[in-house]
Asks: 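My questions all concern the structure below.
Computed from a prediction, not measured in an experiment: that's the story for all the values here. One is the number of the first residue; the rest follow in order along the sequence. One-based numbering, in listed order, for ligands and for the atoms of each.
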Amino acid sequence: MNSIKFDISKSAHIFKSHCLQQLQPQISLAHKQLHENTGPGNEFLGWLNLPDNISTKEINRIKEAADSIRQKSEVLVVIGIGGSYLGARAVLELLKANSMFQSESLTNNGVQVIFAGQHMDSDYLKALTKWLEKKDFTINVISKSGTTTEPAIAFRILRQLMESKYGQEESKRRIYVTTDEKKGALKNLANEKGYKSFVIPDDIGGRYSVLTPVGLLPIASAGIDIEEMLEGARKACEDFRNSLMDNNASYQYAAYRNFLYQQGRTIEVLASYDPSFHYLCEWWKQLFGESEGKDGRGIFPASLQFTTDLHSMGQYVQDGRRILFETVLNIEKSHSEVLVPDTGENEDGLDYLKNKDLATINQKALEGTVMAHIDGGVPIGILTIPEKTPYWIGYVLYFFQKSCAISGYMLGVNPFDQPGVEDYKRNMFALLEKPGSESTRRELEAKWKK
Ligand code: PA5
């Protein structure tokens, strides 16, 4: 069977594979810390064996809820931010389940999934509420802490719309809450109102939660086969249990990043040649940015969509400051065939491409760009994914989660906390006059006026 491959051979004249081999002792130590639960943040390792540990009962409960959402509604509004929405959004976009041009095979009987609560844009919420007035909809509100401001505001607004449209009783059947098992404002509200609830396990942080009900319920509701996805993740979990880099693509990727970071490459660009990868890149940015960016360390994760961005950021990558390296996502098998037509004339000078498949042209663009960027001094690793199916998406998600944990331990940070995220919240709450924050507010207002 095909598998994921991580290849640095094209950059052989910039760095040799033995450079990575020298990092095997660090990899082995990180592997030991992770698998023996001795590293920092070891209370958040529930994701590590999750593909094996998730119960059939839980999967069936998710599938039943998804069935009932599909029967009742045309639209599912997923409310969440950060790890509470990016994983589901990444999978839906990749499998075209959220696009205008839906792929029928993947979205049969699915609902249209719309997202809210990732920002506080009033124009968006106004337009969404207006649009929802004419739709049959269900809400899945997702928040591990149950107190995050952005989704809490969106939920209050959309719950009010729902209750005025369907009444309290019917709304109870149209609201699904995914949150902590016991604590938080959202859990209290769910108990009080009698909403159906799914649990985010205590030992799984937001950015590692896509294979819990956080991601699985919206994904199943869109008609995507979550069992196939979990099957892929399960295989990845098995494949990446080996501490030796030679047989472990996920660890090769972690070693490559750390090697380049030690050489002063502090920015990683994740480049894809398929726009449906946009949200996978957003998910990846959160995963690595929040896991590694702390204690004054960490690679800055950036993403570009080629060939689109070759006409904007391509110049910088080719020729700007040599502080970045590039990881290319390469899809081996394309699903749709689009040929450049033979028009019988050649007014546009495109006849050299006639009858050529767009996927082949895109692949040549990838190969040409990789060689140009390497000539420009950019180290490149290519991650080849066999195809865009639920199985391989599940596999890829686990690939990145595992490499992120290993990479974070190699870097010497706790990859499972996010202390920095609290700072903006403390200031915002004080400025919004949240009870208990009066003295901080006075300090901040004086600071702002200076
Ligand atoms: O990875 C994380 O933990 C964060 O990005 C959270 O997912 C995000 O802040 C949302 O938090 P919550 O699910 O508590 O609303």
Asks: May I ask which of Gly83, Ser84, Ala152 has a heavy atom nearer to atom 13 (O) of ligand 1 than the others do?
Replies: Ser84
Asks: Thr148 heavy atoms, cut-off 4.0 Å: which ligand 1 atoms fall inside?
Replies: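 Numbered from 1, ligand 1 contributes 11 (O), 12 (P), 14 (O), 15 (O).
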Asks: Within 45° of the six-membered ring axis of Phe155 and under 6.0 Å from that ring's centre, is NZ or CZ of Arg159 located there?
Replies: yes
Asks: Both conditions, 6.0 Å and 45 degrees, for the charged tip of Arg89 above the ring of Tyr279: are they met here?
Replies: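 Ring-cation test returns yes.
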Asks: Regarding Thr440 and Ser437, do their side chains bring together a donor and an acceptor under 3.5 Å, going by distance alone?
Replies: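 There is no such pair (donor and acceptor under 3.5 Å, judged by atom type) between the side chains of Thr440 and Ser437.
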Asks: Walk me through it: do Gln24 and Ser28 pass the test side chain to side chain donor-acceptor pair (under 3.5 Å)?
Replies: CA-CA 6 Å; Gln24 182 61 56; Ser28 300; 3.0 Å; yes
Asks: I need the nearest protein heavy-atom contact for atom 2 (C) of ligand 1: residue, atom name and distance, please.
Replies: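 Nearest neighbour among protein heavy atoms for atom 2 (C) of ligand 1, to 0.1 Å: Glu290 OE1, 3.2 Å.
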Asks: Check Ile393 against Lys388 and note the closest heavy-atom contact, atom names and distance.
Replies: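 Heavy atoms only, the tightest pair is CD1-CA, 4.4 Å.
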Asks: Protein non-hydrogen atoms only, distance under 4.0 Å: does atom 9 (O) of ligand 1 have such a neighbour?
Replies: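 No; the ligand atom in question lacks any protein heavy-atom contact below 4.0 Å.
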Asks: In this structure, does ligand 1 have an atom that sits under 4.0 Å from one of the heavy atoms of Ile81?
Replies: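 So Ile81 counts as touching ligand 1.
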Asks: Could you verify whether a donor N or O on one side chain and an acceptor N or O on the other, from His31 and Tyr251, lie under 3.5 Å apart?
Replies: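 Yes, a side-chain donor-acceptor pair sits under 3.5 Å.
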Asks: Can you sort out which atoms of ligand 1 are near Gln418, meaning under 4.0 Å from one of its heavy atoms?
Replies: 3 (O)
Asks: How far is atom 3 (O) of ligand 1 from its nearest protein heavy atom, and which residue and atom is that?
Replies: Gly206 N, 3.5 Å
Asks: Please report which non-hydrogen protein atom sits nearest to atom 5 (O) of ligand 1, along with the residue it belongs to and the distance in Å to one decimal place.
Replies: Gln286 NE2, 2.5 Å
